[in-house]
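A short worksheet on the structure shown next.
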Amino acid sequence: MYHVCQHPLIKIKLPLMRDENCSMAAFRDYLQEITYLLAAESLSQIPLQELPTPVQSPTGASANAFTLARPVVFIPILRAGLGMIEPFMHLLPDAQVGYLAMSRDERTLKAENYYVALPKVDNPIAFIIDPMLATGGSIIKAIKELKTQGYKDIRVVSLVAAMEGINAIEKVFPSTDILVAALDDHLNEKGYIIPGLGDAGDRLFGGK
Ligand code: PRP
Ligand code: URA
């Protein structure tokens, strides 16, 4: 199940990121701004429970208060996923953060893990965060890793996706919730999203 976020600000800001003349600093800022919108939408369905004690307002009246019903874990895929983590943590500071570091071999387009650190929590809702969903190989590998470590409720948030990658994920994990800011036209022969925005990790942090 994939969904393309329809917020109009994305339609203004994403082309600014795609622009080859966008500076690294501006690229990071736009990614954060769009991620606030994606985070708000992806977190809009999380279950809550009411706190036993209401809050007392200065008016003398009380009001109900709420907290998360289940733990939430954000998992950015390094490097590029790091560019999206701050807005998620800002909106939900009680969430835990796991790290999955992966690199896509430019020749085979296969993703390889080089660091895995996932929180051990009971019955979490996990959000895998990565701006680029191209062949889907990195996300599929990430979901497999999470499932190996006992995670069951796994959702994906991405900036730009290609249909090829979404289809690949849905083939292996049919019920995965995927939220993206844009669905682009196709992948080129090097596995880059077209029109896309180039190498997201390089544009955020510089070339390797
Ligand atoms: C990019 C991107 C994704 C992956 C997407 O990472 O951030 O993780 O490629 O491609 P896929 O859907 O075909 O797997 P990259 O390997 O360039 O590493 P980086 O983030 O360190 O630059
Ligand atoms: N990774 C990127 O950073 N960009 C793409 O277009 C595809 C994979």
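Read the numbers this way: they start at 1 and go in the same order the structure lists the ligands and their atoms.
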For this session: Write out the residue and atom name of the closest protein heavy atom to atom 16 (O) of ligand 1, then the distance separating them to 0.1 Å.
Result: R104 N, 2.8 Å
Problem set entry | Protein contact of atom 3 (O) of ligand 2 - nearest heavy atom, named by residue and atom, plus distance | A200 N, 2.8 Å
Exercise. Any N or O of G136 that comes nearer than 3.5 Å to an N or O of ligand 1?
Worked result: yes
Problem set entry | N-O pairing of D153 and R70 below 4.0 Å | yes
Problem set entry | Salt-bridge contact D199-K208 (side-chain N to carboxylate O under 4.0 Å) | no
Exercise. Any non-hydrogen atom of A162 lying under 4.0 Å from ligand 2?
Worked result: no
[X], portion touching ligand 1 at heavy-atom distance under 4.0 Å:
{"X": "S138", "result": "both"}
{"X": "D130", "result": "side chain"}
{"X": "D199", "result": "side chain"}

Problem set entry | Where ligand 1 meets K208 - atom numbers and elements under 4.0 angstrom, heavy-atom basis | 18 (O), 19 (P), 21 (O), 22 (O)
Exercise. By number and element, which atoms of ligand 1 are closer than 4.0 Å to a non-hydrogen atom of G137?
Worked result: 12 (O), 14 (O)
Exercise. Who pairs with H7 by side chain to side chain donor-acceptor pair (under 3.5 Å), at least two apart in sequence or on another chain?
Worked result: none
Exercise. Taking the side chain from S62 and the backbone from V55, do they hold a donor-acceptor pair closer than 3.5 Å?
Worked result: no
